[in-house]
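What you see below is based on every heavy atom in this structure, not just the backbone, and it leaves out hydrogens, waters and symmetry mates. No experiment lies behind these values; they were computed from the predicted model shown.
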Amino acid sequence: MKKIKLNFKIPEIIILSIIVFALIISLICFFLQDRGHKRVFIFESMDKAGLFIETRYLIPFESNQSIETDILQYSEDLLLGPKTHRFKPLFSSKTVVDSLFLRDDILYVNISKEALHPEKTTSTIEVGVDLFKKNILRNFPQVKQVDFFINSIHTYEQIQ
């Protein structure tokens, strides 16, 4: 039986060791990193009747941010619309959150007047408001009710 002799030189062993060490450090960092909070987004489909769900991980703006900041971040992402092209955004693309605050388990949300001008590819105003509230209530159990305003005018009935 022949013995196989490996001819590694010192520089090759050092380079291989550095590569293996870097790989181990990369894997450790990958598994220890904060991937953010898992959030569910509910949208209408353009093709089919019914509601459909997207899941995203949102990384907090700050390490110990308040629940209001967390909800604001989620709301802004929700207003940007779906990542899937076959889902409808809730409101027109220029709609933004004007104000948002939480008091006694009731979330008060005021969005800009651009929401009053739906586009062909967006949900109707009624459906957009309804889905916005459903999204908030599903992702933030500490919120028991959502009072929704468009351009500082109260809209429709509350979903509880």
Side-chain angles (χ1 to χ4, degrees), residues 21-160:
F21 180 73
L23 177 65
I24 291 170
I25 295 298
S26 296
L27 287 172
I28 290 171
C29 290
F30 175 77
F31 288 113
L32 293 179
Q33 78 179 2
D34 182 16
R35 291 187 182 86
H37 301 298
K38 183 177 181 181
R39 299 290 182 209
V40 173
F41 293 78
I42 304 170
F43 296 103
E44 274 188 295
S45 173
M46 289 187 186
D47 305 324
K48 303 173 187 173
L51 303 177
F52 296 87
I53 292 177
E54 285 184 0
T55 303
R56 301 180 200 168
Y57 287 91
L58 298 181
I59 298 172
F61 292 135
E62 306 160 1
S63 59
N64 292 324
Q65 71 185 19
S66 69
I67 185 66
E68 284 182 2
T69 307
D70 199 19
I71 295 171
L72 177 62
Q73 179 185 7
Y74 174 82
S75 299
E76 289 173 343
D77 213 49
L78 180 61
L79 289 178
L80 287 175
K83 289 186 176 183
T84 306
H85 297 291
R86 301 310 306 164
F87 293 170
K88 294 180 181 181
L90 303 184
F91 303 104
S92 68
S93 60
K94 295 181 181 179
T95 305
V96 296
V97 176
D98 283 341
S99 62
L100 178 146
F101 64 93
L102 181 66
R103 294 291 179 269
D104 300 324
D105 301 331
I106 301 172
L107 181 70
Y108 299 90
V109 181
N110 182 32
I111 63 171
S112 62
K113 64 182 176 182
E114 287 79 14
L116 296 172
H117 307 289
E119 300 165 357
K120 291 180 182 178
T121 58
T122 62
S123 298
T124 63
I125 295 171
E126 296 86 358
V127 172
V129 170
D130 182 52
L131 286 177
F132 191 98
K133 291 178 180 183
K134 283 183 182 179
N135 275 291
I136 294 294
L137 293 172
R138 180 173 183 143
N139 285 281
F140 301 96
Q142 55 274 54
V143 176
K144 304 299 181 210
Q145 178 181 321
V146 178
D147 278 359
F148 200 82
F149 299 81
I150 298 177
N151 199 27
S152 301
I153 300 171
H154 195 263
T155 57
Y156 309 105
E157 291 183 24
Q158 301 163 357
I159 297 176
Q160 297 187 22

K.L.:
Whether R39 and D70 form a salt bridge (side-chain N of Lys/Arg under 4.0 Å from carboxylate O of Asp/Glu) is what I want to check.
P.N.:
yes
K.L.:
Say you draw a straight line from CZ of F148 to CG of D130; how long is it, rounded to the nearest 0.5 Å?
P.N.:
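Separation between the atoms: 10.5 Å.
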K.L.:
Find out whether R138 and I53 are in side-chain contact, i.e. whether some heavy atom of one side chain is under 4.5 Å from a heavy atom of the other.
P.N.:
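R138 reaches I53 side chain to side chain.
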K.L.:
Going through the checks in order, is the side chain to side chain contact (heavy atoms under 4.5 Å, CB included) test met by I150 and I125?
P.N.:
CA-CA 10 Å; I150 298 177; I125 295 171; 4.0 Å; yes
K.L.:
Rounded to the nearest 0.5 Å, how far does CD of E54 lie from CD1 of I42?
P.N.:
11.0 Å
K.L.:
Would you call S123 and P89 a side-chain contact if the rule is heavy atoms closer than 4.5 Å?
P.N.:
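The answer is no, as the side chains (C-beta and beyond) never meet within the 4.5 Å cut-off.
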K.L.:
So do N110 and I153 actually touch side chain to side chain, heavy atoms under 4.5 Å?
P.N.:
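Side-chain contact under 4.5 Å: no.
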K.L.:
When you compare the side chain of I25 with that of C29, does any pair of heavy atoms fall below 4.5 Å?
P.N.:
yes
K.L.:
Are the side chains of S112 and N151 in touch, meaning some heavy atoms are under 4.5 Å apart?
P.N.:
no
K.L.:
For residues L51 and K134, report the shortest heavy-atom separation together with the two atoms involved.
P.N.:
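Between these two residues, the closest heavy atoms are CD1-NZ, 4.2 Å.
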K.L.:
Enumerate the residue pairs fulfilling ring pair (Phe, Tyr, Trp, His ring centres under 6.0 Å) with a member in residues 80-100, sequence neighbours excluded, ordered by first and then second residue.
P.N.:
F52-F87
K.L.:
Are the side chains of Q145 and D147 in contact, using a 4.5 Å heavy-atom criterion?
P.N.:
yes
K.L.:
Side chain to side chain contact (heavy atoms under 4.5 Å, CB included) between I111 and D98: does it pass, once the steps are laid out?
P.N.:
CA-CA 5 Å; I111 63 171; D98 283 341; 6.0 Å; no
K.L.:
Do N135 and V40 pass the side chain to side chain contact (heavy atoms under 4.5 Å, CB included) test, and can you show the C-alpha distance, the side-chain angles, and the key distance before you say yes or no?
P.N.:
CA-CA 7 Å; N135 275 291; V40 173; 5.5 Å; no
K.L.:
Measure the CG-CD1 distance between L78 and I71 for me, rounded to the nearest 0.5 Å.
P.N.:
12.5 Å
K.L.:
Could you check if a side-chain atom of V109 sits within less than 4.5 angstrom of a side-chain atom of F132, using non-hydrogen atoms only?
P.N.:
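Yes, side chains in contact.
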K.L.:
Nearest 0.5 Å, please: how far is CD in E44 from OG1 in T124?
P.N.:
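Between atom OG1 of T124 and atom CD of E44 there are 6.5 Å.
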K.L.:
Checking Y74 now: which residues fulfil ring-ring contact (aromatic ring centres under 6.0 Å, His included) with it, not counting sequence neighbours?
P.N.:
F41, F140
K.L.:
For the CD atom of E126 and the OG1 atom of T155, what is their distance to the nearest 0.5 Å?
P.N.:
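So the gap between those two atoms works out to 9.5 Å.
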K.L.:
Only one of I67, L137, L102 passes side-chain contact (heavy atoms from CB on, under 4.5 Å) with L107; say which it is.
P.N.:
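Going through the options one by one, the only one that passes is L102.
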K.L.:
Taking atom NZ of K88 and atom CG of D47, what is their separation to the nearest 0.5 Å?
P.N.:
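Output value for this atom pair is 9.5 Å.
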K.L.:
Test K83 against D77 for salt bridge (Lys or Arg N to Asp or Glu O under 4.0 Å), laying out the working first.
P.N.:
CA-CA 10 Å; K83 289 186 176 183; D77 213 49; over 6 Å; no
K.L.:
Taking the side chain from S92 and the backbone from E114, do they hold a donor-acceptor pair closer than 3.5 Å?
P.N.:
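Answer holds: yes.
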K.L.:
Assess whether a salt bridge exists between E68 and R103, defined as any Lys/Arg side-chain N lying under 4.0 Å from an Asp/Glu carboxylate O.
P.N.:
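Judged by the 4.0 Å cut-off on N to carboxylate O distance, E68 and R103 do form a salt bridge.
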